[in-house]
Structure formats: structure tokens, C-alpha cells
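Model, not experiment: these values are computed from the prediction.
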Amino acid sequence: MGCQNDALVQEVFELYEQIASLESLKPCKDVNTLFTQLVVTCMPPNPIDVTKLCKRVQEMRSKLIRLCGEGEGLLESHFSTILGSFEKPLQHLNLFPYYSNYLKLSHLEFSILSQHSSHVPNKVAFVGSGPLPLTSIVLASNHLTKTSFHNFDIDPSANSKAHALVSPHPDLSNRMFFHTTDIINVSTALKEFEVVFLAALVGMDKEEKLKVIDHLGKFMAPGALLMLRSAHGARAFLYPVVDPCELREFEVLSVFHPTDEVINSVVIARKYPIMAKNSSQLEQQGGLSSPIILPSKCSEIEAFNPLNRGNMIDELTIEEQLS
């Protein structure tokens, strides 16, 4: 794979330099235009493997992801403040320009979760919920209407704004809770959750991401589900990539790569039973009913489109894995 000679990489590089030169990433015409151009550039399906790009482009990608994270945080904070000015904030969520994307992503994640869970979870954790916790709000409002959501964020200002959005709502105010802490400092309490969602921008590089995932693997309840957001192809210039092979304490069940305007890929994994620590031990024991995903097969894990809309990259279906 080429580097600067690749047309896509060159275009992303030019947009990165323009974004990096901005005095501020707070929402305004110039900022919005550049980030929109970046998303439009990276959205179409592309076979590019960012891990094989040269060092200079890898460094640019790392910096660009952090800029995207900063810009996304400022955008959410801006609109959370606007929404919080209404008497009933949740009635105006469509003011957020990417609200429809969250509706689709949440529907996708609920569909994936439903395929791998035998019951509706009572307690769910969302790590990295931010000032505008749209995933929790949409799931709690539309899909998991009896479930309690515990939102974790390290930023007290983000949690304050998020709490202000749901506090006027008679139902969600009793089912959504906000915890200001680094998830690394949460240990035994993680065992309470049947499902843990990890936001795409928690862990901005590989080392940070794996530190959080390993911590979750250590303290989540055996059999609990982990929902991770990742990125695929050119979209990996926008968000960190989670390698399924590196989920050491989890059995990876499926990896979904949307090809429409939903940017994030979704990885769902189940915490291994307590009596086994890795896939090799599980294979030797031979006592599990679910299939073992060996490390050599990690890169092939894919799944059918749960929404039957034809907007998913299909490389290896679940049915093929089980056959």
C-alpha cells in the first residue's frame, strides 16, 4: 500500500493540515466544513489497511483521530448546551446534525445485541458517554425501555450537561445515572452490568484502548457482553480500530462493518467463563457450547447484516462459522 502517492491518503493529509492549522475546533462554518469534507472523503467503502501505511501517515492518522475526538466533543458540548436551554430537551434532539446517524447506529447495536442475548438486560453501562449521551438516550427510549443505564465519563462538565438533558424526563430521569470517574478506577461494580458499551473515543490510541478493554475483561461478570465501536477501511482515519484478536478475555461473537452513513463498526464479544482465561484453554477444555474463535481466525470474523438492508461488508457469516 502506498503512502503519499495514494490519492485518498493525500486528500486526507491535506484536510488534516487544514484542520490542524485552525485556531479552535469549536463549531463554526470553517470547522464544520472541514470535518464534513473529511467524513465524506473517508465514508465510501475502501480496501485500505491503515496498519500498513508508512510511519509518516501513521503519525498523521494518530494526530487526526485526536483532532476528530476534540472536535466531536466540542460539537456535542455545544449542542448539549443548546438542548439544555429547552424546558423538555429530549423533544428537540433532532437539532443535533448527526441525530439520524445515532438513531441508525443504536438500532444496529440493539439488533446485534438481540441476536446474542437471551434476555433484555436489566443494567447496562456506557463508558465515555460525554455531554450528549445519545446512544443511551435512544436505546433507553426506543429499544431497552425498562433497562437502567449507567453512564461513565471522566469529565464532570460533560456529566453535568448530560444529566440536565434527562432530568426533566419523567421516565429516563429514573433510569439513567451518571458517574464521573475514570473507568480504570471502577472494579467490582462492573460485575453488575450485563452489557457494557465502550465509546469509540475512549482510548485514543491502541495502547490506551487495550488498557481499558483489558480492565473491563478483568472485572466484568463472566458471560457479560461487551459492545465496542471500531472503524474499517478509510474510516479508520476518523476513529481508532479495535483488533478482535486482541480481546484476550473475550470470545468475539461478531464484527459488523456498515457501509452507509453509520461510520463506526461494531464488535460484540462475550466475557469468557471464569474457569478459562483464553481461547487456547477453552479449546483444550472443550466444554463450551459456543464456537471458539482462534487467534488465526480473528481477522476473518464478520457477520450478516442484522437489519437486512444490504449496507454491510460480508466476509464470513455466522452460519459459515458454525458449519
Under the side chain to side chain contact (heavy atoms under 4.5 Å, CB included) criterion, do L190 and K218 qualify, and how do the steps go? CA-CA 9 Å; L190 285 170; K218 181 178 180 180; over 6 Å; no

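A donor-acceptor pair is defined here as one N or O able to donate and one able to accept, closer than 3.5 Å; such a pair exists between the side chain of S117 and the backbone of H119. Side-chain N or O atoms of R175 include one that pairs as donor or acceptor with a backbone N or O of T147 at under 3.5 Å. Using modelled atom types, one side-chain atom of N264 and one backbone atom of S230 make a donor-acceptor pair closer than 3.5 Å. Proximity of a side-chain donor or acceptor of S62 to a complementary backbone N or O of Q58 within less than 3.5 Å is not detected. No donor-acceptor pair closer than 3.5 Å links the side chain of T188 to the backbone N or O of F219. Side chain of N32 to backbone of P27: no donor-acceptor contact under 3.5 angstrom is found. Checking side-chain atoms of R229 against main-chain N and O of Y239 turns up no donor-acceptor pair under 3.5 Å. Although no hydrogens or angles enter the test, the distance criterion places no donor-acceptor pair under 3.5 Å between the side chain of N122 and the main chain of S148.
Contact of the I154 side chain with the V202 side chain is not registered, since no non-hydrogen atoms from C-beta on lie closer than 4.5 Å. Side-chain contact between L253 and Q115 is absent, with no heavy-atom pair separated by less than 4.5 Å. At least one side-chain heavy atom of V138 sits less than 4.5 Å from a side-chain heavy atom of Y99. Annotation: side chain of I19 is in contact with side chain of L25 (closest heavy-atom distance under 4.5 Å). The closest side-chain heavy-atom distance from P168 to L90 is not below 4.5 Å. Looking only at side-chain heavy atoms (C-beta outward), R61 and V50 come within less than 4.5 Å of each other. Contact of the D30 side chain with the Q18 side chain is not registered, since no non-hydrogen atoms from C-beta on lie closer than 4.5 Å. Side-chain atoms of L216 and E249, non-hydrogen and from C-beta on, never get closer than 4.5 Å to each other.
Between the SG atom of C54 and the CD atom of E59 there is a distance of 9.0 Å, given to the nearest 0.5 Å. Put simply, CG on L132 and CD1 on I137 are 6.5 Å apart, with the number rounded to the nearest 0.5 Å. The OG1 atom of T259 lies 13.0 Å from the CG atom of N46; values are rounded to the nearest 0.5 Å. Here CD of E251 is found 13.0 Å from CG of L226. Values are rounded to the nearest 0.5 Å. To the nearest 0.5 angstrom, T181 atom OG1 is 12.5 Å from D155 atom CG. For the atom pair CD (Q37) and OG1 (T33), the distance works out to 6.5 Å, reported to the nearest 0.5 Å.
Counting all heavy atoms, side chain and backbone alike, L144 lies closest to F149 at CD1-CZ, 3.8 Å. Residues L225 and M220 share a closest heavy-atom pair of O-CE, 3.5 Å. Taking both residues in full, the closest heavy atoms of P222 and P273 are given as CB-CA, 4.1 Å, listed atom of the first, atom of the second, then distance. The minimum heavy-atom distance between P131 and S77, with the atom names listed, is CG-N, 3.6 Å. Nearest approach of S80 to A162, heavy atoms of both residues: OG-N, 4.4 Å. Here the closest non-hydrogen pair linking F250 and A269 is CB-CB, 3.6 Å.
The same ILVMFWY cluster, assembled from side-chain heavy atoms under 4.5 Å apart, contains both L67 and L238. At a threshold of 4.5 Å between side-chain heavy atoms, the hydrophobic network of Ile, Leu, Val, Met, Phe, Trp and Tyr places L201 and V241 in two separate groups.
No side-chain donor-acceptor contact under 3.5 Å links Y98 and E72. Counted by atom type alone, S106 and H143 present zero donor-acceptor pairs between their side chains at under 3.5 Å. No donor-acceptor contact under 3.5 angstrom links the side chains of H150 and E192, judged on distance only.
A salt bridge does not link K161 with E76: none of the charged nitrogens is closer than 4.0 Å to a carboxylate oxygen. Classification of K209 and E246 as a salt-bridged pair fails, no side-chain N sitting under 4.0 Å from a carboxylate O.
The number of heavy atoms from other shown groups lying within 6.0 Å of NZ (K26) does not exceed 12. Within a 6.0 Å sphere centred on NZ of K123, other residues, nucleotides and ligands contribute more than 12 heavy atoms. Within a 6.0 Å sphere centred on NE2 of H163, other residues, nucleotides and ligands contribute 12 heavy atoms or fewer.
Between F193 and F152, the angle of the ring planes goes over 60°, which puts this pair in the perpendicular group of the 30/60° scheme. The aromatic rings of H92 and F86 lie parallel to each other, with less than 30° between the two planes, well short of the 60° mark.
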